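Before any comments, here is the structure.
What you are looking at is a predicted structure, and each value in this text was computed from that prediction instead of being measured.
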Amino acid sequence: MGEGIAKQLATDGLTVAVADLNKDNAEKVAAEIGNGSKGYYVDVSKRDDVFKLVDDVVADFGQLDVIVNNAGIAEIGAIIDAKEEDINKIFNINVNGDIFGIQAAAQQFKKQGTGGKIINACSIAGHEGFELLGIYSATKFAVRGLTQAAAKELAKDKITVNAYCPGIVLTPMWDQIDAEMAKIYDVPLGQTLQSYIDGIALGRGEQPADVANLVSFLADKKSDYITGQSIMVDGGIQYS
């Protein structure tokens with residue numbers, strides 16, 4: 001999803017700083033999208049890493065206009081079986097990572113006096129808790145709350161804060177979810193994924209480009225009067 005978002009924002013004319021735990025991957029994507037983009041290393045679970053990333057991007061490009069807090073992982077299994085280290089890991093990435101991204105970006109936007117856009121990765125699991133994805137769902141409910149609270153706190157500085165809420169995106173994360181659920185439910189690989197896809201009104205799984213199109217809008221001036229929203233882009237699974 002991050003790669004799809006980076007490529008779309010580059011197509012929109014933005015110079016994109018691509019950050020990943022795997023710096024080689026970030027540099028590869030940056031080279032592919034061109035437009036002066038650059039790859040960086042970051043571990044979003046570490047506050048100092050995220051602040052350093054913003055400092056490095058500003059040193060290289062002079063200014064920050066948009067941050068997309070896209071990093072996330074899933075943990076599959078029953079809540080009663082969740083191990084403390086796994087709970088801490090997913091919260092450190094999915095929740096703390098967004099908090100640090102909000103903090104670092106807001107500090108820079110205020111320093112610049114330019115306002116800016118903060119865009120967080122939420123999920124349909126931030127609107128409804130999903131079976132065997134309870135801990136993941138909890139992190140995404142947290143992202144919704146953070147998005148709303150930060151939007152209220154930062155509006156005076158002309159900083160908008162919104163989130164995108166994908167559904168069943170056909171990425172390696174969903175391959176992982178499908179494989180784990182196949183073991184738990186003792187069903188063939190692909191069956192769980194297909195059952196979710198069968199529940200999508202538009203009749204197909206989601207592509208990274210579907211998510212990137214929403215992020216493109218949220219990063220654009222066209223969304224300047226929208227803040228505090230967690231917008232579903234799921235092909236018709238949930239309605240609110």
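- Across every non-hydrogen atom of L132 and A78, the tightest pair is CD2-N, 3.6 Å.
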Item to check | Residue pair T15, L9: steps toward the side-chain contact (heavy atoms from CB on, under 4.5 Å) verdict | outcome: CA-CA 8 Å; T15 301; L9 294 180; over 6 Å; no

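- Side-chain contact between I119 and V66 is present, with at least one heavy-atom pair separated by less than 4.5 Å.
- Taking the side chain as every heavy atom from C-beta outward, V18 and K38 never approach each other to under 4.5 Å.
- In this structure, the side chain of N35 does not engage the main chain of S37 through any donor-acceptor pair within 3.5 Å.
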Next on the checklist: The test is side chain to side chain donor-acceptor pair (under 3.5 Å); show your working for Q112 and Q108 and say whether it passes.
Outcome noted: CA-CA 6 Å; Q112 293 170 180; Q108 181 60 33; 2.9 Å; yes

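- In terms of heavy-atom proximity, A71 sits nearest to V44 at CB-CG2, 3.9 Å.
- Nearest approach of Y239 to A201, heavy atoms of both residues: OH-CB, 3.4 Å.
- Here Y41 contributes atom OH and D43 contributes atom CG; the two are 4.5 Å apart, rounded to the nearest 0.5 Å.
- Using a 4.5 Å cut-off on side-chain heavy atoms (C-beta onward), V169 and M1 make contact.
- Side-chain contact check for D20 and Y40: no donor-acceptor pair (N or O, by modelled atom type) lies under 3.5 Å.
- For the pair V29/V16, no side-chain contact is recorded, criterion being any heavy-atom separation below 4.5 Å from C-beta on.
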Checklist entry - Taking it one step at a time, do S230 and K140 satisfy side chain to side chain donor-acceptor pair (under 3.5 Å)? => result CA-CA 10 Å; S230 295; K140 294 305 181 179; over 6 Å; no

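- Here the CD1-NZ distance, from I33 to K28, works out to 11.5 Å after rounding to the nearest 0.5 Å.
- Checked by atom type and distance alone, the side chain of N162 pairs as donor or acceptor with a backbone atom of I226 at under 3.5 Å.
- The hydrophobic clustering, which links ILVMFWY residues whose side-chain heavy atoms are closer than 4.5 Å, places V68 and I73 apart.
- Taking 4.5 Å as the limit, some side-chain heavy atom of E32 sits within range of a side-chain heavy atom of E3.
- Among residues two or more places apart in sequence or in another chain, the side-chain hydrogen bond (donor to acceptor under 3.5 Å, both in side chains) test is passed with Q238 by E128.
- N69 and D98 share no donor-acceptor pair across their side chains, judged by distance under 3.5 Å alone.
- Judged by distance alone, with hydrogens and angles left aside, the side-chain atoms of D178 form no donor-acceptor pair with the main-chain N or O of W174 at under 3.5 Å.
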Item to check | Worked verdict on L154 versus I102 for side-chain contact (heavy atoms from CB on, under 4.5 Å) | outcome: CA-CA 10 Å; L154 298 173; I102 291 168; 4.3 Å; yes

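- Of the residues D56, D48, D49, the one that meets the side-chain hydrogen bond (donor to acceptor under 3.5 Å, both in side chains) test with K52 is D56.
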Next on the checklist: side-chain contact (heavy atoms from CB on, under 4.5 Å) for Y164 and N70? Distances and angles first, verdict last.
Outcome noted: CA-CA 9 Å; Y164 50 99; N70 179 72; 2.7 Å; yes

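- Listed for the S216 side chain is no donor-acceptor partner under 3.5 Å among the backbone atoms of A212.
- Within the 3.5 Å criterion, the main-chain N or O of N94 finds no donor-acceptor partner in the side chain of T139.
- Rounded to the nearest 0.5 Å, atoms CD1 (I135) and CG (D86) are 9.5 Å apart.
- To the nearest 0.5 angstrom, M232 atom CE is 9.5 Å from C122 atom SG.
- Taken to the nearest 0.5 Å, the CD1 atom of I87 stands 9.5 Å off from the CD1 atom of I90.
- Linking Ile, Leu, Val, Met, Phe, Trp and Tyr residues whenever their side-chain heavy atoms come within less than 4.5 Å places F130 and M173 in a single cluster.
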Item to check | side-chain contact (heavy atoms from CB on, under 4.5 Å) between N120 and R144, intermediate numbers included | outcome: CA-CA 9 Å; N120 300 321; R144 271 184 73 200; over 6 Å; no

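- In this structure, G167 and I124 approach most closely via the heavy-atom pair CA-CD1, 3.8 Å.
- A donor-acceptor contact closer than 3.5 angstrom is absent between the side chains of Q107 and Q103.
- Counting non-hydrogen atoms of other residues, nucleotides and ligands closer than 6.0 Å to CG of D186 gives a total of 12 or fewer.
- Listed for the K156 side chain is a donor-acceptor partner under 3.5 Å among the backbone atoms of E153.
- Not one N or O on the side chain of Q148 forms a donor-acceptor pair closer than 3.5 Å with the backbone of G228.
- When every heavy atom of P208 is checked against every heavy atom of T171, the shortest pair comes out as CG-CG2, 4.1 Å.
- Separation of atoms CD (Q8) and CG (L214) is listed at 11.0 Å; rounding is to 0.5 Å.
- Under the 4.5 Å side-chain heavy-atom criterion for ILVMFWY residues, no single connected hydrophobic cluster contains both V57 and I5.
- E27 and N25 share no side-chain donor-acceptor pair at under 3.5 Å.
- Judged by distance alone, the side chain of D210 and the main-chain N or O of Q207 form a donor-acceptor pair under 3.5 Å.
- Listed for the R47 side chain is no donor-acceptor partner under 3.5 Å among the backbone atoms of F100.
- For E85, the CD atom counts as densely surrounded, since its 6.0 Å shell holds more than 12 non-hydrogen atoms of other residues, nucleotides or ligands.
- Side chains of K152 and T227: no donor on one and acceptor on the other come within 3.5 Å.
- Under the 4.5 Å side-chain contact rule for hydrophobic residues, I184 and Y136 share a cluster.
- Of the residues listed (D224, D157, D65), the one engaging K117 in a salt bridge (charged side-chain N to carboxylate O under 4.0 Å, His left out) is D224, and it is the only one.
- The backbone N or O of L14 lies less than 3.5 Å from no partner atom in the side chain of D12, so there is not a single donor-acceptor pair.
- Between the side chains of N92 and S45, not a single donor N or O lies within less than 3.5 Å of an accepting N or O.
- V187 and Y196 fall within the same hydrophobic cluster, where Ile, Leu, Val, Met, Phe, Trp and Tyr residues are linked whenever their side-chain heavy atoms come under 4.5 Å apart, directly or through other members.
- In this structure, A104 and V54 approach most closely via the heavy-atom pair CB-CG2, 3.7 Å.
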